[in-house]
Protein chains: 2
Amino acid sequence: MAKRKMTSTNSINREKLNDLCGMEYAIDLLGGRWKLLILYKLENRALRFIELKKILPGITDRMLTLQLRELEKDGLLHRTVYPEVPPRVEYRLTDSAEKLIPVWKALERWGDAHREVQLPG
Amino acid sequence: MAKRKMTSTNSINREKLNDLCGMEYAIDLLGGRWKLLILYKLENRALRFIELKKILPGITDRMLTLQLRELEKDGLLHRTVYPEVPPRVEYRLTDSAEKLIPVWKALERWGDAHREVQLPG
DNA sequence: TACGCCACACACAAAAATGTAAGTAATGGC
DNA sequence: GCCATTACTTACATTTTTGTGTGTGGCGTA
């Protein structure tokens, strides 16, 4: 997710779609295994690295770091470092990320409902 | 996206998150380069394979086939085959997929707004 | 007979996402 | 001095996603 070969068709297609519509741009920022879940966990309060790690089942240090970095870069998280030892770093949603709350709630409701419908298959 | 090694940590994490919440389940069904865009194009009318291909910039036969197959399997698309030559196959949204329309519209609005905010960075 | 049409299928290759294992710095407590 | 704590980093390996190129069937048209 970090380093991309900007000349690949894959990359070019991604960019084309990003330019094309805000939906694909959003998917690009929010896609992947952990990102929406991280935002979701931060919905009510700021959390520090280790707290996120505890409540995200199975995530590794490396993946958590990567995802937090990208979310920060993309303007979805604020990162606050407290100069203590051992270190304390807190993450919280940006205003823009908070505007997404109703969207992921709707997605969650749809997912739950759709799963019911799909159970036979 | 089709064949997965069900014993990998990757796969296991995916399943864990799917069980955990409808949001991750939804992301799993809708994620990837093309799926939401395909649904989006089908919002107003059914389209056949070749029509989709024309309006999805850069997609290949193979990717379109794969994505359509999965969307069908996951209950988001109906596939109708007309026994003609050359073949005609039409795709349209299921009821469940139509319930997603407001969600992707909201996502699109958010994406457009967020992109404005992010322009400097 | 040759060709184009359409909706694919197949074998293969490249790129991207995710995971594994180990190590780091600074400090406080024992 | 030794260990625990926290938020990382780095090199590497695996898995998953995406793309490339070619082929197929059956019918209509040239």
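Chain identifiers are assigned alphabetically (A, B, ...) following the order of the sequence lines, protein sequences preceding nucleic acid strands; residue numbering begins at 1 within each chain.
Between A/Ile101 and A/Leu39, every side-chain heavy-atom pair lies at or beyond the 4.5 Å cut-off.
Take the nearest nucleotide of DNA chain C for A/Trp34 and for A/Val85: the residue whose nucleotide is more 5' is A/Trp34.
Residue A/Thr9 has no polar side-chain atom (N or O) positioned under 4.0 Å from OP1 or OP2 of C/dA15. For the pair B/Asn13 and C/dG19, the criterion of a side-chain N or O lying under 4.0 Å from OP1 or OP2 is met. In this model, the phosphate group of C/dA21 is not approached by any side-chain N or O of A/Arg62 to a distance below 4.0 Å at OP1 or OP2. An OP1 or OP2 oxygen of C/dC8 is reached within less than 4.0 angstrom by a side-chain nitrogen or oxygen of B/Arg79.
Distances were taken from every side-chain heavy atom of A/Asp61 (C-beta onward) to each of D/dC8, C/dC6, C/dC8; the shortest belongs to D/dC8. Of the candidates C/dA7, D/dT6, D/dC8, the closest approach to any side-chain atom of A/Pro87 belongs to D/dT6. Taking every side-chain heavy atom of A/Ser8 into account, C/dA15 is the closest of C/dA9, C/dA15, C/dG19. Of the candidate nucleotides D/dA7, D/dT9, C/dC8, D/dT9 has the atom lying nearest to any side-chain atom of A/Thr65. Relative to the side chain of B/Met63, the nucleotides D/dT6, D/dC8, D/dG19 differ in distance, and D/dG19 lies closest. For A/Ser11, taking side-chain heavy atoms from C-beta onward, the closest of the listed nucleotides D/dT5, D/dT15, C/dA16 is C/dA16.
Atom CG in A/Leu56 sits about 13 Å away from atom P in D/dA7, given to the nearest Å. Put simply, CG on B/Leu77 is 15 Å from P on C/dA7, counting in whole angstrom units. Nucleotide D/dG25 holds its P atom 18 Å from the CZ atom of B/Phe49, rounded to whole Å. Distance CD1 (A/Ile59) to C1' (C/dG19): 11 Å, rounded to an integer number of Å. Between B/Ile50 atom CD1 and C/dG4 atom P the separation is 14 Å, expressed in whole Å. A/Gln67 places its CD atom 17 Å from the P atom of D/dA7, with the value rounded to the nearest Å. With rounding to whole Å, B/Lys53 atom NZ is found 14 Å from D/dG19 atom P. Regarding B/Arg14, its CZ atom lies at a distance of 9 Å from the P atom of C/dT18, rounded to whole Å.
Between A/Leu64 and the options A/Leu68, A/Leu66, A/Asp61, A/Thr60, a side-chain contact (heavy atoms from CB on, under 4.5 Å) holds for only A/Leu68.
Note on A/Arg45 versus A/Glu51: no salt bridge recorded, every NZ/NE/NH1/NH2 to OD/OE distance being 4.0 Å or above. Using a 4.0 Å cut-off between charged nitrogen and carboxylate oxygen, A/Arg88 and A/Glu90 count as a salt-bridge pair. Electrostatic pairing of A/Asp112 and A/Arg109 does not count as a salt bridge here, judged by no charged N lying under 4.0 Å from a carboxylate O.
B/Tyr91 comes within 4.0 angstrom of sugar-phosphate atoms only, judged by non-hydrogen atoms across all strands, and of no base.
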